[in-house]
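The shown structure was predicted, so the numbers you read here are calculated from the model rather than taken from an experiment. So that the names make sense, note that chain A is the first sequence line, chain B the second, and so on, each numbered from 1.
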Amino acid sequence: MYALVDANSFYCSVERSFNPSLEGKAVIVLSNRDGNVVARSDEAKKLGIKMGQPFFELKELREQHEIAVFSSNYTLYGDISSRFMSLLCRFVEDVEVYSIDEAFLHVDGYDSIYPSYEGLGKSIKETVAKRLRIPVCVGVGPTKTLAKLANKLAKQRPELGGVCVLDTPEVIDKALATFPVGDLWGVGSKSAAKLKKNDIDTAAQLRDVPDDWIRQIMTVNGLRLVHELRGFPCKLLEVSAPPKKSICTEPGFGRLVPDLNTITDALTTHLTRVCEKLRKQDSLCSAVVVSLHTKRYRKIPANGLPALQYHNHLTVVLPHPTNSTPELLKYAESGLKAIFKFGYNYQKVGIMLIGLVPSDYRQKGIFAEGPNEKLLTLATVVDKLNYRYGQDKLRLASQMYNPDWPMKQEYLSKCYTTRWKDILEAH
DNA sequence: TCTGGGGTCCTAGGACCC
DNA sequence: TCTGGGGTCCTAGGACCC
């Protein structure tokens, strides 16, 4: 049996846990640069605020109702998340961290400690509430898909007390009979539409379709999903996260930028961040993809001419895998120069590291040089110093510092758990 | 009459997840 | 004024190999 433990409105709950006066009030958390809504408390959902809704659209609503607004504070959420996961590891041996706010658990073989799955679920819920003041729901089922479904029911039906166990065929049948097929894990909007066309509206109906048919319309993923609904596990627990296969970043500038110099500065900064992640997972990358975009949603200006659009990307294959920032920068910059076109107002530049291989992988081309070992060592030293003395204390001369564009974060909370000066004071 | 058969690797695009 | 960001997996088709 699998359990899925998932925090309720995680980002909002974290903000609340350090500010109890927000209890019972509408809370929202915004995306980078305060652009869109990425998390909503139940009260905010009731006001009709949609996931992903642009923040500026809420102006009127905010005048009518009291809504607590926060910029996203990933330092804080990340730290609370890791505390959350460590708590879960005290309950069972096998824990798969599935996302920042949810984890799958293997829950078999603990009968002597927890006589029932309900008991285990309640115990987890109470402990997380007590230690972190984060509300969670627990769903239990014979497969990950059913655990996920159970979790959703636990959230929807307050009478369950936050724990839903699907353990017998009868209980599972009953749950599937009314569960909308589009709410299943792995059914997105496209598949939901296709299924609807074929008169499949509930999870129970999907469970009973022929294998060949579902494979045809939803590929092997759909087949796996159907088997999971029938109670045969196809998705197993991944206790140790496999290394990432690609690492990318593509944040917007926050304003429109026409010149290559500024864009190159931003590229250097982005590259510095992704290289740090690359080295942290102990990998080398064998190619970089640079991309450049103008702004998509620009309104047609007064002169009636739509803003010129330009989107392009280029893959630069390296002569040998590396994780050295200056070395990668050379190739990334050449890629940028190749796709940059004068005369546009750009919104963002992106960088993606692909073809990641373990760092002990040293495959030399017959005539090409291997990675420069000195540069690799240098990168390690730079990381250590920056970890100790603060991000970007040691940086490339070409990296923009104190960027002049606004990193809009008007509603940022403090880093209560990771920065000495931000620790709460008790009076 | 009859025009092989089996495989790998890469890429772009689609779909999905949080 | 103002519209996010970071990932994974699968498939079909092309190119290539023997």
Side-chain angles (χ1 to χ4, degrees), chain A residues 4 6-7 9-11 28-39 49-60 62 69 71-72 74 77-78 81 96-104 144-145 148 151-152 181-195 214-225 234-235 238 241-256 270 273-274 277-278 281 286-287 289 291 293-299 301-302 307 313-315 317 345 347-356 405-411:
Chain A
L4 177 68
D6 188 323
S9 315
F10 182 60
Y11 299 167
I28 58 172
V29 175
L30 306 175
S31 64
N32 277 354
R33 260 180 294 281
D34 298 346
N36 304 57
V37 177
V38 293
I49 300 172
K50 298 272 178 294
M51 183 69 178
Q53 192 167 2
F55 179 51
F56 70 87
E57 288 181 7
L58 299 182
K59 194 163 181 283
E60 233 172 85
R62 287 176 63 212
V69 179
S71 305
S72 38
Y74 286 108
Y77 309 151
S81 172
E96 172 186 340
V97 177
Y98 179 66
S99 75
I100 194 164
D101 75 326
E102 57 188 312
F104 285 104
K144 284 167 108 176
T145 302
K148 195 92 179 166
N151 189 284
K152 215 156 211 174
V181 79
D183 290 353
L184 284 167
W185 186 40
V187 179
S189 58
K190 305 276 178 186
S191 303
K194 277 190 219 166
L195 293 171
I214 192 64
R215 195 179 203 290
Q216 228 175 8
I217 77 156
M218 279 181 71
T219 78
V220 69
N221 290 316
L223 187 58
R224 282 189 194 127
L225 166 60
C234 297
K235 308 179 183 192
E238 283 178 5
K244 290 198 194 321
K245 296 176 176 176
S246 67
I247 298 174
C248 70
T249 186
E250 199 179 53
F253 298 130
R255 62 172 168 85
L256 297 178
H270 299 349
R273 293 289 92 79
V274 288
K277 285 191 188 173
L278 180 69
Q281 79 157 23
S286 13
V289 185
S291 59
H293 303 272
T294 51
K295 195 168 172 58
R296 264 185 311 176
Y297 299 103
R298 285 190 84 188
K299 289 199 185 101
H313 64 94
L314 183 72
T315 306
V317 179
N345 283 312
Q347 187 205 9
K348 55 187 175 184
V349 61
I351 182 98
M352 172 151 61
L353 308 181
I354 60 174
L356 306 193
W405 49 62
M407 179 61 189
K408 213 171 130 199
Q409 286 187 313
E410 259 179 73
Y411 312 96

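- Between the side chains of A:S291 and A:E250, at least one donor N or O lies within less than 3.5 Å of an accepting N or O.
- Distances were taken from every side-chain heavy atom of A:I247 (C-beta onward) to each of C:dC9, C:dG7, B:dC18; the shortest belongs to C:dG7.
- Rounded to whole Å, atom P of B:dC16 lies 11 Å from atom CD1 of A:I214.
- At a threshold of 4.0 angstrom between heavy atoms, the contacts of A:D34 with the nucleic acid are absent.
- No more than 12 heavy-atom neighbours from other residues, nucleotides or ligands sit within 6.0 angstrom of NZ on A:K244.
- In this structure, the nucleotide among C:dC2, B:dC16, C:dG4 sitting nearest to the side chain of A:N32 is C:dG4.
- The two atoms that bring A:S31 and A:S72 nearest to each other are C-OG, 3.7 Å, heavy atoms only.
- C:dC17: Watson-Crick or G-U partner is B:dG6, with both key distances under 3.5 Å.
- Contacts of A:R273 with the nucleic acid, taken as non-hydrogen atoms under 4.0 Å apart, are absent.
- Summarising the geometry, the separation between CZ on A:F56 and C1' on C:dG4 is reported as 13 Å, rounded to the nearest angstrom.
- Both A:N221 and A:K277 lie near DNA chain C, and the one whose nearest nucleotide falls closer to the 5' end is A:K277.
- For A:E250, the listed nucleotide lying nearest its side chain is C:dG6; candidates were C:dG6, B:dC16, C:dT3.
- In the set C:dC2, B:dC16, C:dG4, the nucleotide with an atom closest to the side chain of A:S191 is B:dC16.
- Proximity of A:R33 to the phosphate of C:dT3: no side-chain N or O atom is located under 4.0 Å from OP1 or OP2.
- The listed nucleotides are C:dT3, C:dT11, B:dC18; the one nearest the side chain of A:P54 is C:dT3.
- We find that CE of A:M51 is positioned 17 Å from P of B:dC16, with the value rounded to whole Å.
- Which of C:dG6, B:dC18, C:dT11 sits closest to the side chain of A:P251 comes down to C:dG6.
- Regarding A:E238, its CD atom lies at a distance of 16 Å from the P atom of C:dG7, rounded to whole Å.
- One interatomic measurement links the two molecules: CZ of A:R224 to P of C:dT8, which rounds to 16 Å at whole-angstrom precision.
- When rounded to the nearest whole Å, the span between CG of A:L356 and P of C:dT8 equals 8 Å.
- The closest side-chain heavy-atom distance from A:K144 to A:W185 is below 4.5 Å.
- Using a 4.0 Å heavy-atom distance criterion, A:K245 is classed as a sugar-phosphate-only contact.
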Show your reasoning for whether side-chain contact (heavy atoms from CB on, under 4.5 Å) applies to A:L30 and A:V38.
CA-CA 5 Å; A:L30 306 175; A:V38 293; 5.8 Å; no
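- The distance from atom CG of A:L225 to atom P of C:dT8 is 21 Å, rounded to the nearest whole Å.
- Comparing C:dC2, C:dG6, B:dC18 against the side chain of A:C248 picks out C:dG6 as the nearest.
- Using a 4.0 Å heavy-atom criterion, one finds that A:L184 contacts the sugar-phosphate atoms exclusively.
- Counting non-hydrogen atoms under 4.0 angstrom, A:S246 reaches the backbone sugars and phosphates but no base.
- Within 4.0 Å (heavy atoms only), A:K348 reaches sugar-phosphate atoms of the nucleic acid but no base atom.
- Within the nucleic acid shown, A:E102 comes within 4.0 Å of sugar-phosphate atoms alone, with no base atom in reach, counting heavy atoms only.
- In this structure, A:I100 reaches neither bases nor backbone, as no heavy-atom distance under 4.0 Å exists between it and the strands shown.
- Closest of all the heavy-atom pairs between A:T145 and A:L225 is CG2-CD1, 3.5 Å.
- Taking both residues in full, the closest heavy atoms of A:K348 and A:P251 are given as CB-O, 3.5 Å, listed atom of the first, atom of the second, then distance.
- If you take CE of A:M218 and P of B:dC16, they are 7 Å apart, rounded to a whole angstrom.
- Contact annotation for A:K148: backbone-only contact, meaning every heavy-atom pair under 4.0 Å involves sugar-phosphate atoms and none involves a base.
- Dashed line: the shortest gap from a side-chain N or O of A:K295 to OP1 or OP2 of C:dT3 is under 4.0 Å.
- Contact between the side-chain N/O atoms of A:T219 and the OP1/OP2 oxygens of B:dA15 is not found at any separation under 4.0 Å.
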